[in-house]
A.B. asks: 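Let me begin by handing over the structure; questions about it come next.
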Protein chains: 2
Amino acid sequence: MATIYEVAARAGVSPATVSRVFNGARVSADKTERVRRAAADLAFTPNRAARTLRRRNSEVIALIIPDIGNPYYTEMARGVGDVARESGYSVVLCNTDERGDHESGFLQIALAEHMAGVIIAPASERTDLSPVLEAGRAIVAVDRTSTFAVDGVTMANREACRNATDHLLEQGFRRIACVTGPAAVETAVERVEGWREAVRSTTGKDPDPQLLCHSTFRVDGGRDAMERLLTLPEPPDAVVAANNLMGVGILQLLNERRLAPPAIGVAVVGSLPFTTMSPRAVTVVRLPAREMGETAAKLLIQRIDGDDEPQRTVVLQHTVEPAIVSGDDSAPALTPTR
Amino acid sequence: MATIYEVAARAGVSPATVSRVFNGARVSADKTERVRRAAADLAFTPNRAARTLRRRNSEVIALIIPDIGNPYYTEMARGVGDVARESGYSVVLCNTDERGDHESGFLQIALAEHMAGVIIAPASERTDLSPVLEAGRAIVAVDRTSTFAVDGVTMANREACRNATDHLLEQGFRRIACVTGPAAVETAVERVEGWREAVRSTTGKDPDPQLLCHSTFRVDGGRDAMERLLTLPEPPDAVVAANNLMGVGILQLLNERRLAPPAIGVAVVGSLPFTTMSPRAVTVVRLPAREMGETAAKLLIQRIDGDDEPQRTVVLQHTVEPAIVSGDDSAPALTPTR
DNA sequence: CTGAAAGCGCTAACAG
DNA sequence: CTGTTAGCGCTTTCAG
């Protein structure tokens with residue numbers, strides 16, 4: 001690892017000039033050329049730790065997500081990565097497993113490493129973002145909002161789940177269960193509201209509380225919840241899954257029990273990326289995860305670049321891919337794989 | 001962000017003593033206590049850039065993978081993360097999208113940031129790892145080997161695919177296709193060999209070359225390949241997918257064409273984590289991805305800690321979860337979800 | 001056990 | 001446009 005001094009010596013210029021060449025400051029063509037050549041000869045790469053120390057600012061963005069095993073977040077990560085790379089930032093992915101302690105650990109590290117900014121899907125609405133704010137670092141919340149004053153990018157969760165439920169109602173289902181995530185997670189709660197709204201506005205009354213199941217936002221969570229629902233004295237005739245993974249779990253269990261749709265109505269909020277069944281019997285509400293990542297990254301980079309407009313929140317719109325209950329079953333699947 | 005000097009002043013000691021307290025060097029109990037208190041009061045966090053600059057070594061490990069959208073790699077990432085965290089390292093995930101240029105970019109960054117080590121699933125056998133080696137940094141290759149002299153952790157790819165194919169043969173299939181990844185990817189090729197071996201040893205002759213399909217290691221790749229295979233004058237009666245995502249694509253297409261197993265035999269090398277079908281009709285060869293990550297992390301940390309034994313390679317064993325062709329179909333699925 | 005002091009490699013004034 | 005110089009915050013000899 002050659003240093004700027006060795007390059008300077010070899011090129012016959014001062015270290016400052018070398019630094020300037022690598023930072024786009026004005027340097028005569030002649031010296032620029034000599035520096036470039038010397039740097040190439042020595043395989044020089046600027047020492048980022050030194051640069052960060054000096055500038056009190058690095059070129060990396062932390063992306064903190066609750067579940068790296070969920071394709072929804074990895075798709076989002078792709079969006080963040082693409083936009084960030086275009087602007088010269090690297091993204092480091094931090095997986096909290098929905099644990100608050102890991103979350104604050106990563107936040108800590110982001111500050112200690114002087115990272116340029118952080119994009120976080122907070123495990124809780126009350127995740128303490130104040131250290132970041134106080135340090136004057138850029139931050140944007142994705143997927144879930146925060147009680148702290150930060151920019152945000154979210155989905156229209158209530159509407160998404162309402163749309164999903166509406167499709168089930170249109171198909172004639174009347175006893176529709178809702179399987180959602182932990183009550184502490186905002187998206188889980190908002191989606192329940194959408195479900196309740198839809199049922200209420202069609203049937204004129206609140207859904208049976210027994211039909212609401214909280215569980216984890218994972219495959220197991222969906223399985224467990226569905227299992228519980230099936231043991232009800234009066235089981236549901238349809239179910240709406242509040243996230244993709246729960247949808248997978250629900251469908252797995254139903255398949256095992258020989259209850260696959262259309263025997264029972266199923267709608268899922270979120271895409272089923274790696275499903276192997278023809279998804280035509282399931283209503284899927286596609287959430288633009290990648291776009292969410294891109295938007296968050298753009299917002300963050302604007303802030304890093306000094307934008308100090310008032311706090312903003314962007315709400316992204318979903319698209320509904322309705323189940324086909326009857327019709328030409330040999331047509332291609334409606335849900336594109338990628 | 002308080003500095004070590006402010007903490008020192010508040011505790012009435014020298015900066016060196018503060019440093020010692022935070023690095024586990026011997027300091028009197030009295031001063032240790034005063035330093036701890038002062039640090040807490042000031043919410044002091046050591047500046048990592050400074051520490052890294054000085055020590056020429058950071059506490060982060062780079063994990064470079066070709067496809068963050070593949071659950072196989074995210075499972076592996078979990079394994080790496082868990083082991084690393086236990087030893088006080090943070091892991092940053094770098095997604096190359098199977099692109100050599102991104103790959104070398106990340107390698108560059110890892111060096112420039114003086115990261116403690118890197119774990120890489122090389123996009124190609126010939127990915128240039130020499131800069132890392134020359135810098136004396138620890139490195140281990142996972143999933144795929146390297147022509148460079150580095151430690152490695154891989155799967156028994158040939159055997160895995162051979163086992164998968166054998167199960168198909170045992171079920172009586174005789175015209176078995178193999179759908180695999182790019183010919184440039186080692187795992188893709190090794191798995192083909194396993195297929196060929198199995199076919200040869202049972203039928204006594206080489207498989208029909210038309211039955212071998214190279215494509216991308218993704219869902220689309222599996223779909224495309226399967227589609228091609230079905231147009232053959234003499235289509236296969238079974239197919240072995242060389243990775244999980246291709247397996248998903250193949251099953252999707254077969255479902256759409258109403259050709260789902262057991263109408264056609266299917267075996268997959270790799271788990272089907274988010275599949276919604278009952279997987280009992282499909283032979284799955286489970287690859288211990290998480291364990292691979294854990295092993296790689298342990299190996300890497302040993303090297304970081306100065307171990308200079310000769311180069312090592314660990315080969316992990318898979319487990320076969322055979323398809324159930326006949327029998328009690330209402331039993332639980334054989335493939336656990338998590 | 002503790003403090004003083006010298007950098008790690010880079011950038012950013014400040015002169016010239 | 002270019003060189004000199006003074007640190008960024010931390011660790012680590014080297015004395016004491």
Side-chain angles (χ1 to χ4, degrees), chain A residues 1-36 38-39 42-60 88 108-116 135-137, chain B residues 1-36 38-39 42-60 88 108-116 135-137:
Chain A
M1 298 251 68
T3 75
I4 215 175
Y5 288 96
E6 304 172 47
V7 176
R10 191 173 232 272
V13 300
S14 76
T17 299
V18 177
S19 172
R20 290 187 183 108
V21 168
F22 279 87
N23 288 286
R26 303 201 57 74
V27 172
S28 72
D30 165 46
K31 296 200 168 165
T32 302
E33 180 49 28
R34 269 153 57 203
V35 168
R36 290 219 177 289
L42 298 171
F44 168 73
T45 320
N47 179 324
R48 290 190 173 226
R51 169 182 289 188
T52 301
L53 175 59
R54 181 60 228 234
R55 296 222 282 217
R56 310 153 149 284
N57 186 27
S58 85
E59 262 110 12
V60 0
Q108 194 82 208
I109 291 177
L111 288 180
E113 300 259 18
H114 288 289
M115 293 189 188
R137 295 274 144 192
Chain B
M1 301 252 65
T3 76
I4 216 175
Y5 289 96
E6 304 171 49
V7 175
R10 191 174 230 272
V13 300
S14 77
T17 299
V18 177
S19 172
R20 291 191 183 105
V21 169
F22 279 87
N23 288 287
R26 301 202 57 75
V27 173
S28 70
D30 163 46
K31 296 200 169 163
T32 301
E33 180 49 28
R34 270 151 57 202
V35 168
R36 290 222 177 286
L42 298 171
F44 168 74
T45 321
N47 179 324
R48 290 188 173 226
R51 168 181 292 188
T52 301
L53 174 59
R54 181 59 226 237
R55 296 223 280 217
R56 308 153 150 282
N57 186 26
S58 85
E59 263 108 15
V60 358
Q108 193 83 210
I109 290 177
L111 288 180
E113 299 257 18
H114 288 289
M115 293 187 187
R137 294 276 144 192

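All values below were derived from every heavy atom in this structure, side-chain atoms included, with hydrogens, water molecules and symmetry-related copies excluded.
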A.B. asks: Please state whether the phosphate of D/dC1, meaning OP1 or OP2, lies under 4.0 angstrom from any side-chain nitrogen or oxygen of A/Lys31.
C.D. replies: no
A.B. asks: Mapping B/His114 and B/Pro15 to their closest nucleotides on DNA chain C, which lands nearer the 5' end?
C.D. replies: B/Pro15
A.B. asks: Could you tell me how far apart B/Phe22 (CZ) and D/dC10 (P) are, to the nearest whole angstrom?
C.D. replies: 9 Å
A.B. asks: What is the distance, rounded to the nearest whole Å, between atom CG of A/Leu53 and atom P of D/dC10?
C.D. replies: 9 Å
A.B. asks: Is the phosphate of C/dG9, meaning OP1 or OP2, less than 4.0 Å from a side-chain N or O of B/Arg56?
C.D. replies: yes
A.B. asks: Indicate yes or no: at least one non-hydrogen side-chain atom of A/Glu113 is less than 4.5 angstrom from one of A/Thr52.
C.D. replies: no
A.B. asks: Rounded off to whole Å, could you give me the CZ-to-P distance for the A/Arg20 and D/dT4 pair?
C.D. replies: 11 Å
A.B. asks: In this structure, how many angstroms lie between the P atom of D/dT12 and the CD1 atom of B/Ile4, rounded?
C.D. replies: 11 Å
A.B. asks: Between atom CG in B/Leu111 and atom P in C/dC8, what is the gap in whole Å?
C.D. replies: 20 Å
A.B. asks: Is there a side-chain contact between B/Arg137 and B/Asn57 (heavy atoms, below 4.5 Å)?
C.D. replies: yes
A.B. asks: Hey, does the side chain of B/Arg26 come within less than 4.0 Å of C/dC1's phosphate (OP1/OP2), counting only N and O?
C.D. replies: yes
A.B. asks: Report the distance from atom CZ of A/Arg51 to atom C1' of D/dC10, rounded to the nearest whole Å.
C.D. replies: 20 Å
A.B. asks: If you look at every strand shown and take non-hydrogen atoms under 4.0 Å, does B/Phe44 touch a base, only sugar-phosphate, or nothing?
C.D. replies: sugar-phosphate
A.B. asks: So, does B/Thr3 get its side chain near the phosphate of D/dG9, meaning an N or O under 4.0 Å from OP1 or OP2?
C.D. replies: no
A.B. asks: Are side-chain heavy atoms of B/Thr3 and B/Asn47 found at a separation under 4.5 Å?
C.D. replies: no
A.B. asks: Could you check if a side-chain atom of A/Val7 sits within less than 4.5 angstrom of a side-chain atom of A/Val35, using non-hydrogen atoms only?
C.D. replies: yes
A.B. asks: Ignoring hydrogens and geometry beyond distance, is the side chain of B/Tyr5 in donor-acceptor contact with the base of D/dC10 at under 3.5 Å?
C.D. replies: yes
A.B. asks: So, is A/Ser28 close to the D/dT2 phosphate, meaning a side-chain N or O under 4.0 Å from OP1 or OP2?
C.D. replies: yes
A.B. asks: For A/Arg48 and B/Val27, take the nucleotide of DNA chain C holding the closest heavy atom to each; which residue's nucleotide lies nearer the 5' end?
C.D. replies: B/Val27
A.B. asks: With a non-hydrogen cut-off below 4.0 angstrom, is B/Thr17 in contact with a base, only sugar-phosphate, or nothing?
C.D. replies: sugar-phosphate
A.B. asks: Heavy atoms only, 4.0 Å cut-off, all strands: where does A/Val13 land among base, sugar-phosphate and nothing?
C.D. replies: sugar-phosphate
A.B. asks: May I ask you to test the A/Arg55-A/Asn23 pair for a side-chain heavy-atom distance under 4.5 Å?
C.D. replies: yes
A.B. asks: Send over the distance from B/Asn23 CG to D/dT11 P, rounded to a whole Å.
C.D. replies: 5 Å
A.B. asks: With a 3.5 Å cut-off and just heavy-atom distances, do the side chain of B/Arg54 and the base of C/dG9 make a donor-acceptor pair?
C.D. replies: no
A.B. asks: Does the side chain of B/His114 reach to within under 4.5 Å of the side chain of B/Leu53, using non-hydrogen atoms?
C.D. replies: no
A.B. asks: Of the candidate nucleotides D/dT4, D/dG9, C/dA5, which contains the atom at the shortest distance from the side chain of B/Ala16?
C.D. replies: C/dA5
A.B. asks: Let me know the distance between CD of A/Glu6 and P of C/dG9, rounded to the nearest Å.
C.D. replies: 8 Å
